[in-house]
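In what follows, a structure is listed as structure tokens, so that the remarks can point back to it.
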Amino acid sequence: MDHTPSEILLELFFFLDRNEIERNQLVCRRWNSTIHKSLLLMPYRKLKGFDIITSPFYSVIAEGEVIFEVGDRESVQRRAESLKYCIIEELKLGNSHDLRTKPIQEIFKSLVTSSGAKLRVLSLRYDCNEKSDFIKEFIMQYISPVTEIHLPSSSLRTNFWKRFRN
Amino acid sequence: MATESANGVSSPELNERDVVITTNDNRNFTVKIGVARVSKTINNMIQDLGESLDLSSGIPLPNVDGPIFEKVLEWCEEHKNAPEIKVEQDPHTRERKWFTMTEWEEEYFRKFLSHLWDLAMAANYLEIPSLYYYTCQKLAERIKGRTPEQIREMFGIEDDLTEEEKAEIRRTNVWCTY
């Protein structure tokens with residue numbers, strides 16, 4: 001086992017989910033360094049979504065944990081950083097989370113800066129009457145790659161997709 | 001595999017001929033070429049040697065020992081006509097999709113459960129994708145759901161991380177549930 005090439009270790013880790021992989025870092029020094037070197041290649045952790053809280057201060061919760069808040073808590077910062085190893089199943093925006101408002105833009109800017117990567121989102125739901133150009137710009141800036149986009153009106157959706165793909 | 005040998009002998013004919021393979025403990029194995037070819041490494045050697053291939057003096061395998069090669073050959077015999085396996089991953093999470101194994105394959109791994117690491121290394125060197133990926137999956141299956149302590153015990157791994165290092169790993173992996 002001591003002579004096992006890292007290649008084989010890596011290969012078997014790919015059959016596991018991210019939680020198992022991270023837990024295996026505790027097994028021994030060699031497993032830890034093998035996993036550590038390939039953290040960016042490993043399977044992503046699936047997060048269900050974000051809850052954006054507006055009162056009393058803006059904050060964002062994912063899986064019951066704060067990933068954004070005003071202030072400088074280290075644990076929150078680390079969670080935001082590790083978003084680069086995550087994929088978000090569904091992101092709902094709209095109404096109170098109007099993309100044009102400064103706090104919302106600040107939140108996304110901060111999350112993308114901390115993780116050093118755009119947010120990986122499987123399905124984006126947007127329930128506000130917003131011009132599609134604006135949403136497109138917002139997505140390009142903070143989200144990548146989006147596999148499904150749900151907008152309120154179907155005509156808008158079709159148009160949007162056409163323009164987004166071009 | 002519709003490969004032609006360098007001297008133009010067609011595969012079905014060549015596949016029935018014997019070749020001698022010598023492992024690093026000087027054991028000789030007489031194997032049908034059609035079986036040996038499941039290993040891409042051996043297949044390449046056979047093709048490279050072409051006409052100069054002396055089937056009786058054998059092909060040396062400096063990185064595999066007899067007891068493991070014996071087990072590998074069992075796999076090759078069973079898989080000599082098997083199609084190439086397809087390695088797939090979830091397009092979103094990148095997790096590798098688990099293969100469905102036949103009853104024969106399950107039994108094979110039950111029998112050689114204590115040799116999984118050696119089998120993976122041999123399959124890696126011999127380039128036998130089916131044996132390589134399936135063995136890795138079996139190792140993953142053994143690890144899944146077990147605590148680091150249980151894994152160390154199972155594989156005889158030394159607990160060589162300090163408590164500080166473990167604490168740092170836990171701090172960094174903020175999402176991980178242990």
Side-chain angles (χ1 to χ4, degrees), chain A residues 1-5 7-33 35-36 39-47 62-67 74-83 85-89 120-123 145 147, chain B residues 87-99 116-125 129 132-163 165-178:
Chain A
M1 146 88 243
D2 285 346
H3 311 290
T4 317
E7 202 183 328
I8 294 176
L9 271 178
L10 275 182
E11 206 60 68
L12 76 91
F13 291 139
F14 270 102
F15 283 101
L16 301 171
D17 63 35
R18 189 148 200 120
N19 204 68
E20 296 268 355
I21 294 169
E22 289 180 354
R23 194 165 61 192
N24 283 331
Q25 285 186 260
L26 294 173
V27 169
C28 65
R29 194 159 297 227
R30 201 159 113 67
W31 285 32
N32 179 39
S33 68
I35 295 169
H36 190 81
L39 279 176
L40 278 169
L41 299 173
M42 294 288 188
Y44 297 125
R45 175 182 295 277
K46 246 186 189 174
L47 301 179
E63 316 287 296
E65 305 282 358
V66 183
I67 59 167
E74 198 203 341
S75 59
V76 172
Q77 180 58 25
R78 279 183 192 257
R79 269 182 221 118
E81 274 168 27
S82 61
L83 283 177
Y85 306 134
C86 299
I87 182 158
I88 300 137
E89 272 184 271
R120 247 170 251 103
V121 177
L122 266 184
S123 168
T147 53
Chain B
V87 182
E88 289 175 291
Q89 62 175 32
D90 183 293
H92 305 308
T93 64
R94 309 196 286 196
E95 265 170 57
R96 186 151 290 153
K97 289 190 182 151
W98 288 54
F99 300 100
L116 293 181
W117 295 105
D118 289 332
L119 280 175
M121 277 192 277
N124 189 26
Y125 164 68
Y132 181 58
Y133 286 107
Y134 284 30
T135 309
C136 288
Q137 177 175 315
K138 271 288 154 190
L139 284 163
E141 194 184 293
R142 305 218 71 203
I143 288 168
K144 203 173 172 64
R146 291 201 152 88
T147 64
E149 295 74 36
Q150 290 168 325
I151 293 167
R152 270 183 233 119
E153 197 180 323
M154 182 167 56
F155 295 132
I157 300 170
E158 196 195 331
D159 185 6
D160 58 359
L161 287 165
T162 64
E163 287 312 310
E165 284 168 325
K166 285 182 196 167
E168 178 55 26
I169 293 168
R170 282 170 191 275
R171 258 199 306 278
T172 315
N173 294 336
V174 278
W175 296 103
C176 190
T177 52
Y178 291 94

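The structure presented is a predicted model; accordingly, all values stated were derived computationally and were not measured. Sequence lines set the chain letters: A, B, ... in the order given, protein chains first and strands last, and positions in each chain run from 1.
For the options Thr147(B), Val87(B), Thr135(B), Thr177(B), heavy-atom pairs under 4.5 Å to chain A are most numerous at Thr177(B). Interface remark: of the candidates Met42(A), Arg18(A), Arg120(A), Met42(A) forms the most heavy-atom pairs closer than 4.5 Å to chain B. Most heavy-atom pairs under 4.5 Å with chain A: of the set Asp90(B), Leu116(B), Ile151(B), Leu139(B), this distinction falls to Ile151(B). When each of Leu26(A), Leu39(A), Ile21(A), Asp17(A) is scored by its heavy-atom pairs under 4.5 Å with chain B, the top score falls to Leu26(A). Looking only at heavy-atom pairs under 4.5 Å with chain A, the residue among Gln137(B), Lys97(B), Lys166(B) that has the most is Gln137(B). With respect to chain A, the highest number of heavy-atom pairs below 4.5 Å among Ile143(B), Thr162(B), Asp159(B) belongs to Ile143(B).
For chain A, the nearby parts of Asp160(B) are the backbone and the side chain; heavy atoms of each come within less than 4.5 Å. Proximity to chain B (any heavy atom under 4.5 Å) is shown, for Leu16(A), by both the backbone and the side chain. Both the backbone and the side chain of Arg171(B) come within contact range of chain A, judged by heavy atoms closer than 4.5 Å. For Glu95(B), the parts lying near chain A are the backbone and the side chain together; criterion is any non-hydrogen pair under 4.5 Å. Residue Glu81(A) does not touch chain B at all, counting heavy-atom pairs closer than 4.5 Å. With a 4.5 angstrom heavy-atom cutoff, Ile35(A) does not touch chain B via any of its atoms.
Here NE2 of His92(B) is found 5.0 Å from CG of Leu122(A). Values are rounded to the nearest 0.5 Å. Atom CZ of Arg96(B) is separated from atom CG of Leu12(A) by 10.0 Å, given to the nearest 0.5 angstrom.
Contact record, Glu11(A) with Tyr133(B): OE2-CE2, 3.3 Å, taken as the closest heavy-atom pair. Pairing each heavy atom of Trp175(B) with each of Ser82(A), the nearest pair is NE1-OG, 2.9 Å. Of all the heavy atoms in Trp98(B) and Phe15(A), the pair that sits closest is NE1-O, 2.9 Å. Nearest approach of Arg152(B) to Val27(A), heavy atoms of both residues: NE-O, 2.7 Å.
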- Residue pair Trp117(B), Leu9(A): steps toward the side-chain contact (heavy atoms from CB on, under 4.5 Å) verdict: CA-CA 9 Å; Trp117(B) 295 105; Leu9(A) 271 178; 3.8 Å; yes
**OP:** Begin from the C-alpha positions of Arg29(A) and Glu165(B) and carry the test salt bridge (charged side-chain N to carboxylate O under 4.0 Å, His left out) through to its verdict.
**Re:** CA-CA 9 Å; Arg29(A) 194 159 297 227; Glu165(B) 284 168 325; 2.8 Å; yes
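Residues Met121(B) and Pro5(A) meet the side-chain proximity criterion, which asks for heavy atoms closer than 4.5 Å.
Geometrically, Arg94(B) engages Tyr44(A) in a cation-pi contact defined by less than 6.0 Å to the ring centre and at most 45° from the axis.
Ring-plane geometry between Trp31(A) and Phe155(B) is classed as tilted, the angle between the planes lying from 30 to 60 degrees on a 0 to 90 degree scale.
Atom CD of Glu153(B) has 12 or fewer neighbouring heavy atoms from other residues, nucleotides or ligands inside a 6.0 Å radius.
For the side chain to side chain contact (heavy atoms under 4.5 Å, CB included) with Ile169(B), the lone residue among Arg23(A), His36(A), Gln25(A), Glu22(A) that qualifies is Gln25(A).
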